[in-house]
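Reviewing the structure listed below.
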Amino acid sequence: MIHKTVQRTGWFIGLVLLQAIVLNRIYLFGYATPFLYIYFLIRFDVHVSRNRLMLWAFFLGLAVDVFSNTPGVNAAASVLFAFARPMLLNLFISPDPDEMPTLALHSLGIPKYLLYIVFGVLLHHMALFALLYFS
């Protein structure tokens with residue numbers, strides 16, 4: 001348990017620093033900024049409760065918001081993704097959480113894993129840009 005928490009904290013800090021120091025300064029085609037920090041939420045353990053995942057997502061989004069100067073936008077989009085994640089998993093992977101393997105490409109297969117990632121990132125980005133541009 002302690003090992004997983006230390007590992008998650010390391011990933012958390014590493015992805016937030018990568019996002020803040022490097023990725024927030026990259027503008028693909030003059031417009032798009034890559035958001036790699038949601039990889040932390042995509043690869044989170046399957047058997048973690050929704051509340052715990054939403055708490056991690058809130059602090060992850062809040063940390064990115066602090067460095068990006070976007071008040072609450074990333075936090076809200078990350079919490080929405082964390083809230084909808086069990087529904088995405090049930091939709092694309094398996095309705096029984098005990099039969100669900102780890103969330104990795106080699107254990108799920110390419111089609112299921114890509115569908116989960118595409119719809120998760122699409123949900124996150126739709127919420128993020130809706131809050132960013134319509135506020």
Side-chain angles (χ1 to χ4, degrees):
M1 181 69 177
I2 297 293
H3 175 68
K4 286 204 179 253
T5 305
V6 169
Q7 186 179 16
R8 282 184 193 141
T9 305
W11 272 99
F12 182 95
I13 292 170
L15 285 173
V16 167
L17 288 176
L18 180 67
Q19 185 70 42
I21 295 170
V22 177
L23 297 176
N24 281 349
R25 289 166 176 66
I26 296 174
Y27 298 104
L28 301 172
F29 308 111
Y31 297 104
T33 301
F35 293 111
L36 189 63
Y37 73 93
I38 61 172
Y39 180 73
F40 179 79
L41 300 174
I42 288 172
R43 285 294 309 261
F44 216 83
D45 288 342
V46 177
H47 300 291
V48 173
S49 70
R50 179 183 283 179
N51 292 336
R52 182 173 289 169
L53 180 63
M54 288 174 64
L55 192 62
W56 276 96
F58 174 74
F59 286 117
L60 178 70
L62 188 64
V64 172
D65 281 331
V66 166
F67 290 114
S68 302
N69 198 20
T70 54
V73 175
N74 290 296
S78 297
V79 169
L80 177 68
F81 174 77
F83 179 77
R85 183 175 178 251
M87 292 176 258
L88 287 171
L89 290 174
N90 288 339
L91 189 64
F92 296 118
I93 297 173
S94 172
D96 188 16
D98 294 330
E99 293 178 12
M100 213 175 291
T102 60
L103 289 176
L105 181 65
H106 67 280
S107 64
L108 294 177
I110 293 173
K112 289 181 181 181
Y113 192 69
L114 283 179
L115 279 173
Y116 164 65
I117 287 177
V118 165
F119 278 96
V121 169
L122 186 65
L123 174 71
H124 177 271
H125 282 42
M126 283 177 52
L128 180 81
F129 291 121
L131 289 170
L132 193 63
Y133 291 116
F134 295 121
S135 62

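Note that the structure is predicted; figures quoted are calculated from it, not measured. The residues of the chain are indexed from 1 along the displayed sequence.
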Co-membership, hydrophobic cluster, residues L128 and F29, 4.5 Å side-chain
yes

Is there a chain of hydrophobic side chains (I, L, V, M, F, W, Y, each step under 4.5 Å between heavy atoms) that links L91 to I110?
yes

Taking F81 as the starting point, is it possible to reach M87 by hopping between hydrophobic residues whose side chains are less than 4.5 Å apart?
yes

Is it the case that more than 12 heavy atoms not belonging to R50 sit under 6.0 Å from its CZ atom?
yes

Distance (rounded to the nearest 0.5 Å) between L60 CG and W11 CH2:
12.5 Å

Sequence-distant partners of T70, side-chain hydrogen bond (donor to acceptor under 3.5 Å, both in side chains), two or more places apart
D65, N74

Give a yes or no on whether V48 and L88 share a hydrophobic cluster (residues Ile, Leu, Val, Met, Phe, Trp, Tyr; joining criterion: side-chain heavy atoms under 4.5 Å apart).
yes

Kindly compute the distance separating NE2 (H124) from CD1 (I42), expressed to the nearest 0.5 Å.
9.0 Å

Using a cut-off of 6.0 Å, state whether more than 12 heavy atoms not belonging to F129 lie near its atom CZ.
yes

Contacts of Y116 that satisfy side-chain hydrogen bond (donor to acceptor under 3.5 Å, both in side chains) - sequence neighbours left out:
R85

Go through the structure and list residues passing ring-ring contact (aromatic ring centres under 6.0 Å, His included) with F119, not counting sequence neighbours.
F92

Does the side chain of Y37 reach to within under 4.5 Å of the side chain of L17, using non-hydrogen atoms?
no

List for me each residue that meets side chain to side chain contact (heavy atoms under 4.5 Å, CB included) alongside L23, sequence neighbours excluded, and say none if there are none.
L18, Q19, I26, P34, L36

Residues at least two apart in sequence or cross-chain that pass side-chain hydrogen bond (donor to acceptor under 3.5 Å, both in side chains) with R8, listed by chain then number, are D45

Do the rings of F40 and F12 sit parallel, tilted or perpendicular, given the 30° and 60° boundaries?
perpendicular

Any heavy-atom pair between the side chains of T5 and T9 that's under 4.5 Å?
yes

Mind running side-chain contact (heavy atoms from CB on, under 4.5 Å) on I21 and F67 for me, showing each step along the way?
CA-CA 9 Å; I21 295 170; F67 290 114; over 6 Å; no

Cluster check V64, L28: I/L/V/M/F/W/Y, side chain < 4.5 angstrom
yes

For Y113, ring-ring contact (aromatic ring centres under 6.0 Å, His included) partners two or more places apart:
none

